[in-house]
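A short write-up of the structure that comes next.
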2 protein chains.
Amino acid sequence: MVDTDIQTQMLTEFAELARTLGNVHRLILLEHIAQGERAVERLAELSALSIANTSQHLQHLKRAGFVETRREGKHIFYRLGSGPVLNLLTALRHYVEHNRSEIRALVTDSVNQPDRLELISREELLSRMKEDSVTLLDVRPEEEFVLGHLPGAINIPFEELEHRLSELPDDQEIVAYCRGPYCVFSFDAVAMLNTKGLSARRLKNGFLDWKATGQIVETAKQG
Amino acid sequence: MVDTDIQTQMLTEFAELARTLGNVHRLILLEHIAQGERAVERLAELSALSIANTSQHLQHLKRAGFVETRREGKHIFYRLGSGPVLNLLTALRHYVEHNRSEIRALVTDSVNQPDRLELISREELLSRMKEDSVTLLDVRPEEEFVLGHLPGAINIPFEELEHRLSELPDDQEIVAYCRGPYCVFSFDAVAMLNTKGLSARRLKNGFLDWKATGQIVETAKQG
DNA sequence: ATTTGATTTAATGAATCAATTGAATGTTAT
DNA sequence: ATAACATTCAATTGATTCATTAAATCAAAT
């Protein structure tokens, strides 16, 4: 079996990658790193792990090629590995999204409203943006917003939304978005805005998908 | 953090899937199942595992949705889960293929010839097939061949190739293929045919990819 | 109903992985 | 140089995963 050795070697490598993704903490770290370069201490804080533990998981991710590092003074910054890692991650995400009906049920349950009506696709959003007939609302924490957001979006973190409704136009449709398709801020935001008499929908796949599909991302701070 | 719970639940599911793929034996089982329905005993034999062990890995794959089962008398047949699992598997395969240069090096090393020249893409093959200017050679074991092969291909398992060269035309280019991109039979076949004075190239991604991209697969036996 | 054959389940021990602690490394500022 | 800080490394312990064995299902044939 001249073939078997290499085939097996191949699959062994493959399995190693999969095993690296097979730990929630590492996935959470990846999610955070996907939002922008972060130092170890910050990542530990964000994911509620000890620093040593975080460091070890990061080493693991690095060995597998999912992340790369850069040193700046005392800090070591982690970023996503270059190129196609993102594709792998979104491939997995899409797989889960399309196949695990339990999760789908869970998501739609948690927001007890029929899902579809209030969704807007990336394509529709793009054409609506062209004709300026829509207000983009980013409900993520400011910290994530400044690292990158959809062009022209205004940032009102979900917790503040109720108090800052006056900043939103009542003559234009609002499209709210969040990190990814499973981030519930945008669900809750849309639900709230609609009960307050505003017309709001939710962007289908969120910011990460927007970025992953190569759309323009704005990084300047926006009052 | 209304969001965190669901996000985490989501990633936990995700991690479970990844962990399922994080074992060589399970990947090997998947490779075999991808070639067609198989009973447990057969899979155990093919992957050189004990029956009980095989069964447990299969249960694992089943729980995660990668495979489904069907009972026929005393046998229980395993097949790939319906739909998008294949996509996930090919996504992962492509990721590995494009990113792990060590493996690429390993593959090209093992066949110490420049890789590119003797490759033929699916697209080119399709147009060459239309004009009947090519002979397709399937070098996999007969067992795999009968379960499905490219239309019009002739089957000469690699071990027999040297003795059966006369069955090949010497006035037409030959395109050899094997299971997947890392199956070395086709590398070796092309190398041998070329040294024997025949004109041969290797199909880029092999049979599994052909099938996965929805091309016609022939299943009738071919002398 | 019993036997046979194919598969699954349960229980065990060995191997691997994860989290914690404390020490070690490397970098900047004093 | 030394002190202070961020990160990594090493050793320990507890938890999971894997393979093996033997026993338990479950369907077909006798």
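Just so we're on the same page: letters track the sequence lines, and every chain starts at 1. A quick note: this is a predicted structure, and the numbers were derived from the prediction, not measured.
- A donor-acceptor pair is defined here as one N or O able to donate and one able to accept, closer than 3.5 Å; such a pair exists between the side chain of Asn155(B) and the backbone of Arg140(B).
- As a whole-Å value, the separation of Lys62(A) NZ from dC9(D) P is 9 Å.
- Listed pair His75(A) / dT7(D) meets the phosphate criterion, a side-chain N or O lying under 4.0 Å from OP1 or OP2.
- Proximity of a side-chain donor or acceptor of Glu218(A) to a complementary backbone N or O of Gly152(A) within less than 3.5 Å is detected.
- For Tyr78(B), no side-chain nitrogen or oxygen approaches OP1 or OP2 of dA6(C) to under 4.0 Å.
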B/S/- along nucleotides 25-30 of chain D (protein heavy atoms under 4.0 Å) is --SS--
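- Just one of Leu203(B), Leu193(B), Val190(B), Leu150(B) meets the side-chain contact (heavy atoms from CB on, under 4.5 Å) condition when paired with Leu137(B); it is Leu193(B).
- Residues passing the side-chain hydrogen bond (donor to acceptor under 3.5 Å, both in side chains) test with Thr69(A) are Lys62(A), sequence neighbours excluded.
- Rounding to whole angstrom units, CD of residue Gln59(A) and P of dC9(D) are separated by 5 Å.
- When the P atom of dC5(D) is taken as reference, atom CD1 of Ile76(A) falls 18 Å away, rounded to whole Å.
- Ring geometry for Phe207(A) against Tyr177(A) counts as parallel: the plane angle stays under 30°, on a 0 to 90° scale with 60° as the upper cut.
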Produce the list of close N/O pairs, under 3.5 Å, pairing protein atoms with atoms of nucleotides 15-21 of chain D; give distances to one decimal.
{"from": "dT17(D)", "atom 1": "OP1", "to": "Arg19(B)", "atom 2": "NH1", "distance (Å)": "3.3"}
{"from": "dC18(D)", "atom 1": "OP1", "to": "Asn23(B)", "atom 2": "ND2", "distance (Å)": "3.1"}
{"from": "dC18(D)", "atom 1": "OP1", "to": "Arg26(B)", "atom 2": "NH2", "distance (Å)": "3.4"}
{"from": "dA19(D)", "atom 1": "OP1", "to": "His25(B)", "atom 2": "NE2", "distance (Å)": "3.1"}
{"from": "dA19(D)", "atom 1": "OP2", "to": "Asn53(B)", "atom 2": "OD1", "distance (Å)": "3.3"}
{"from": "dA19(D)", "atom 1": "OP2", "to": "Asn53(B)", "atom 2": "ND2", "distance (Å)": "3.3"}
{"from": "dA19(D)", "atom 1": "OP2", "to": "His57(B)", "atom 2": "NE2", "distance (Å)": "2.7"}
{"from": "dT20(D)", "atom 1": "O4", "to": "Gln56(B)", "atom 2": "NE2", "distance (Å)": "3.4"}

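- A straight line from CD of Glu37(A) to P of dA6(D) spans 17 Å, rounded to a whole angstrom.
- There is a side-chain donor-acceptor pair under 3.5 Å between His60(B) and Arg26(B).
- The local environment of CD in Glu160(A) is crowded, with over 12 non-hydrogen atoms from other residues, nucleotides or ligands closer than 6.0 Å.
- We find that Glu45(B) and Arg42(B) are joined by a salt bridge, their nearest charged nitrogen and carboxylate oxygen being less than 4.0 Å apart.
- Residue Ile51(A) contributes atom CD1, which lies 13 Å from atom P of dC5(D) at whole-angstrom precision.
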